[in-house]
> 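Dumping the structure here so I can ask a few things about it.
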There are 2 protein chains.
Amino acid sequence: MALVKRYSKKREAILEVIQGTDIHPSAEWVYQRLKPEYPDLSLGTVYRNLTAFRQEGIIGSVGVICGQERFDRMVAPHTHFFCRGCGRVEDLFEVDNGEAVAQQAAEKFGLYIEQTRLTFEGLCEDCLQSEKKKLS
Amino acid sequence: MALVKRYSKKREAILEVIQGTDIHPSAEWVYQRLKPEYPDLSLGTVYRNLTAFRQEGIIGSVGVICGQERFDRMVAPHTHFFCRGCGRVEDLFEVDNGEAVAQQAAEKFGLYIEQTRLTFEGLCEDCLQSEKKKLS
DNA sequence: TTCGTTGCAAACATTTTGCAGTTTC
DNA sequence: GAAACTGCAAAATGTTTGCAACGAA
C-alpha cells in the first residue's frame with residue numbers, strides 16, 4: 001500500500017472517464033476508452049486504480065454483471081436496472097433503494113450494514129419491443 | 001441443448017445438496033461436498049447442472065460474491081445479507097425485498113422487470129465483535 | 001534520492017467447452 | 001440405437017501480481 005499518494009496523469013484520466021459517464025463501465029471499457037489517447041496504458045493500471053478508487057470510496061460499484069465488475073460514478077446509494085437484452089445498466093432515481101429497510105433489518109437481526117444494493121433485472125422498453133417482434 | 005431430459009444420479013445429488021442447505025453455496029462447495037461420495041464427479045458437471053437448474057428456475061442465485069456465484073435453494077425473492085467478515089450469506093425473511101418498489105419503477109420507467117435483488121453487505125454480530133476487539 | 005506508479009507478462013481463479021466414452025430410455 | 005450426460009483437460013475470461021523501469025516530489 002502506498003503511504004503517500006503521488007500525482008499520476010493516467011490515474012486522473014481513469015477517474016475522469018468514470019465520472020464522465022453514467023453507463024457504469026467495466027475496467028475493460030475504461031481501458032478501451034483511454035487507449036487511443038494513452039497508447040502505452042496498461043489494463044493492469046486501470047484495474048489497480050479502479051480498485052483503489054472503490055476502496056477509498058471515491059467511486060462506487062454496481063457489482064458483477066455478466067462476469068464483469070461494473071463501476072459507478074455515484075457513491076450515494078441508489079437503485080439500478082440491468083437490461084439483459086442490451087446489457088445496459090441504468091440508474092433509477094426517485095425510487096426507494098432499500099435504505100430504510102436496511103435500517104430495520106440491522107436492528108432486528110443485530111447486523112452492521114455498510115452497504116445496500118438493490119438491482120432489478122429485466123428488459124428495457126426497446127428490448128421488450130424487439131423480443132415481442134421476435135416471438136410473433 | 002437437450003430436448004428430452006434424462007435421469008442422472010449425479011444431477012439429482014447436486015440438486016439435493018443445494019436444496020439441503022441454506023448457506024447459498026458456490027459450485028466449488030457443492031463439488032467438494034459430493035466428491036467423497038462420487039469420486040469420479042467432475043467440476044464441469046456441477047457447473048453444467050447448476051447453470052441448467054438456474055435457467056429452468058429450479059434454483060435461484062444470489063449473484064457473484066467474492067468472485068464466485070452463490071446459488072440459492074429458494075426461488076421466491078427475498079433479501080440477503082453478506083458478511084464481509086466471515087463470507088456468510090444469510091436470508092433475511094420478514095424484510096421488504098423491493099418487490100413493490102420494482103412494480104412502481106416498472107410502470108414509471110416502462111421497464112419489464114423479471115427479477116429483483118436486494119442485498120445488504122456489512123458485518124454480522126460475531127464479526128462486528130471481533131472487529132471491535134482488533135481495534136481496541 | 002526516495003518511493004509511488006506503471007507496463008508488461010505471467011500467474012491466478014472461476015467458469016465454459018470440445019470431445020470421446022458412458023448411460024438412459 | 002439415438003441422444004443425453006459425464007469426465008477430463010484445454011480453453012476462455014476477468015482479474016491480480018511480481019518485477020524492473022519510470023516519474024513525481
Side-chain angles (χ1 to χ4, degrees), chain A residues 1-18 23-56 58-59 61-72 82 84 87 89, chain B residues 1-18 24-56 58-72 82 84 87 89:
Chain A
M1 289 288 187
L3 289 171
V4 178
K5 199 140 209 192
R6 292 191 180 161
Y7 174 81
S8 146
K9 181 145 200 188
K10 284 167 185 167
R11 176 190 295 145
E12 192 179 42
I14 291 166
L15 185 55
E16 275 170 6
V17 167
I18 290 288
I23 72 157
H24 309 84
S26 64
E28 180 68 32
W29 192 90
V30 173
Y31 174 72
Q32 294 300 342
R33 180 74 178 264
L34 287 172
K35 196 66 177 169
E37 193 179 347
Y38 300 87
D40 66 340
L41 178 65
S42 163
L43 193 49
T45 296
V46 176
Y47 274 105
R48 271 188 284 237
N49 280 291
L50 288 178
T51 303
F53 289 149
R54 191 196 346 110
Q55 285 171 352
E56 293 159 10
I58 298 174
I59 65 175
S61 168
V62 189
V64 176
I65 291 181
C66 294
Q68 295 191 140
E69 174 157 23
R70 302 280 291 260
F71 297 90
D72 194 337
F82 161 60
R84 67 164 170 77
V89 174
Chain B
M1 292 280 193
L3 289 172
V4 178
K5 200 139 209 191
R6 292 187 181 166
Y7 174 81
S8 146
K9 181 145 200 188
K10 284 168 186 166
R11 175 190 296 145
E12 193 179 41
I14 291 166
L15 185 55
E16 275 169 6
V17 168
I18 290 288
H24 309 84
S26 64
E28 180 68 33
W29 192 91
V30 173
Y31 174 72
Q32 294 300 342
R33 181 75 177 263
L34 288 172
K35 196 67 177 169
E37 193 178 349
Y38 300 88
D40 66 339
L41 177 66
S42 163
L43 193 50
T45 296
V46 175
Y47 273 107
R48 270 188 284 237
N49 280 291
L50 288 178
T51 302
F53 289 149
R54 192 198 344 115
Q55 285 171 351
E56 293 159 10
I58 297 173
I59 66 174
S61 169
V62 189
V64 176
I65 291 181
C66 295
Q68 296 191 137
E69 174 159 21
R70 302 280 290 259
F71 297 90
D72 193 337
F82 162 60
R84 68 164 169 78
V89 174

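Order of the sequence lines fixes the chain letters, A, B, ..., with proteins taken first and strands second; residue numbering starts at 1 for each chain.
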> Between the base of D:dG18 and the side chain of A:Arg48, is one N or O donor paired with an acceptor at under 3.5 angstrom?
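Looking at the base of D:dG18, it does pair with a donor or acceptor on the side chain of A:Arg48 (distance under 3.5 Å).
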> Assign each of B:Glu69 and A:Ile14 to its nearest nucleotide of DNA chain C by heavy atoms, then name whichever residue's nucleotide is nearer the 5' end.
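The residue closer to the strand's 5' end, by nearest nucleotide, is A:Ile14.
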> So, does A:Ser8 get its side chain near the phosphate of C:dT6, meaning an N or O under 4.0 Å from OP1 or OP2?
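Answer yes for this pair, as a side-chain N or O of A:Ser8 is under 4.0 Å from OP1 or OP2.
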> Starting at CG of A:Asn49 and ending at C1' of C:dG7, how long is that distance when rounded to a whole Å?
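The answer, rounded to whole Å, is 13 Å.
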> Could you state the atom-to-atom distance from CD1 of A:Ile65 to C1' of D:dT15 in whole Å?
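Going from A:Ile65 (CD1) to D:dT15 (C1'), I get 17 Å.
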> Can you see if the side chain of B:Thr51 gets near the phosphate of C:dT16 - specifically, an N or O under 4.0 Å from OP1 or OP2?
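Answer yes for this pair, as a side-chain N or O of B:Thr51 is under 4.0 Å from OP1 or OP2.
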> Closest to the A:Leu41 side chain: C:dT15, C:dT24, C:dG7?
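Per side-chain heavy atoms of A:Leu41, the pick is C:dG7.
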> Once you apply a heavy-atom cut-off of 4.0 Å, does B:Val64 come out as touching a base, just sugar-phosphate, or nothing?
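No contact.
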> Counting side-chain heavy atoms from CB outward, which of D:dT15, C:dG4, C:dC25 is closest to B:Arg6?
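My answer, after comparing the listed nucleotides, is C:dC25.
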> Just wondering, do A:Phe82 and A:Val62 contact through their side chains at under 4.5 Å, heavy atoms?
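Heavy-atom side-chain distance check fails, nothing below 4.5 Å.
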> Find the distance B:Gln32:CD to C:dT14:P and express it as a whole number of Å.
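Distance, rounded to whole Å: 11 Å.
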> How many Å lie between CG on B:Leu43 and C1' on C:dT15, as a whole number?
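In whole Å, C:dT15 C1' lies 8 Å from B:Leu43 CG.
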> How close or far is atom P of C:dG7 from atom OH of A:Tyr38, stated in whole angstroms?
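Value for this atom pair: 11 Å.
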> With a 4.0 Å limit, can you tell me whether B:Tyr47 has a side-chain N or O closer than that to the phosphate oxygens OP1/OP2 of C:dT16?
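Negative; the distance criterion is not met.
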> How long is the line joining CD of B:Gln68 and C1' of C:dT16, in whole Å?
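Going from B:Gln68 (CD) to C:dT16 (C1'), I get 15 Å.
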> So do the side chains of A:Val89 and A:Asp72 get within less than 4.5 Å of each other, counting heavy atoms only?
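A side-chain contact under 4.5 Å is absent here.
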> Who passes side chain to side chain contact (heavy atoms under 4.5 Å, CB included) against A:Thr51, sequence neighbours left out?
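Testing A:Thr51 for side chain to side chain contact (heavy atoms under 4.5 Å, CB included), a comparison that skips the adjacent residues, returns A:Arg54, A:Gln55.
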> Which whole-number value in Å describes the distance from A:Tyr7 OH to D:dA25 P?
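It works out to 9 Å between those atoms.
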> Touch check for B:Ser26, heavy atoms < 4.0 angstrom, all strands: base, sugar-phosphate only, or nothing?
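Touches nothing.
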> Please check if atom NZ in B:Lys9 has more than 12 non-hydrogen atoms from other residues, nucleotides or ligands closer than 6.0 Å.
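Atom NZ in B:Lys9 is not crowded, with 12 or fewer foreign heavy atoms closer than 6.0 Å.
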> Under 4.0 Å between a side-chain N/O of A:Thr45 and OP1 or OP2 of C:dG7, yes or no?
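For A:Thr45, the contact criterion (side-chain N or O under 4.0 Å from OP1 or OP2 of C:dG7) is met.
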> What's the closest nucleotide to the B:Lys10 side chain, out of C:dT6, D:dG7, D:dA24?
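So the side chain of B:Lys10 is nearest to D:dG7.
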> Are the side chains of B:Val30 and B:Phe71 in touch, meaning some heavy atoms are under 4.5 Å apart?
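Not touching, per the 4.5 Å side-chain cut-off.
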> Would you mind reading off the distance between A:Lys9 atom NZ and D:dC22 atom P, rounded to a whole angstrom?
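Going from NZ in A:Lys9 over to P in D:dC22 covers 19 Å.
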> Which residue lies toward the 5' end of DNA chain C, A:Lys35 or B:Glu28, if each is placed at its nearest nucleotide?
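Nearest-nucleotide comparison on DNA chain C picks A:Lys35.
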> Does the side chain of A:Tyr31 reach to within under 4.5 Å of the side chain of A:Glu28, using non-hydrogen atoms?
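A:Tyr31 vs A:Glu28: side chains touch.
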> Using only heavy-atom distances, decide whether a donor-acceptor pair under 3.5 angstrom links the side-chain of A:Arg11 to the base of D:dG23.
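No such pair is found, so the answer is no.
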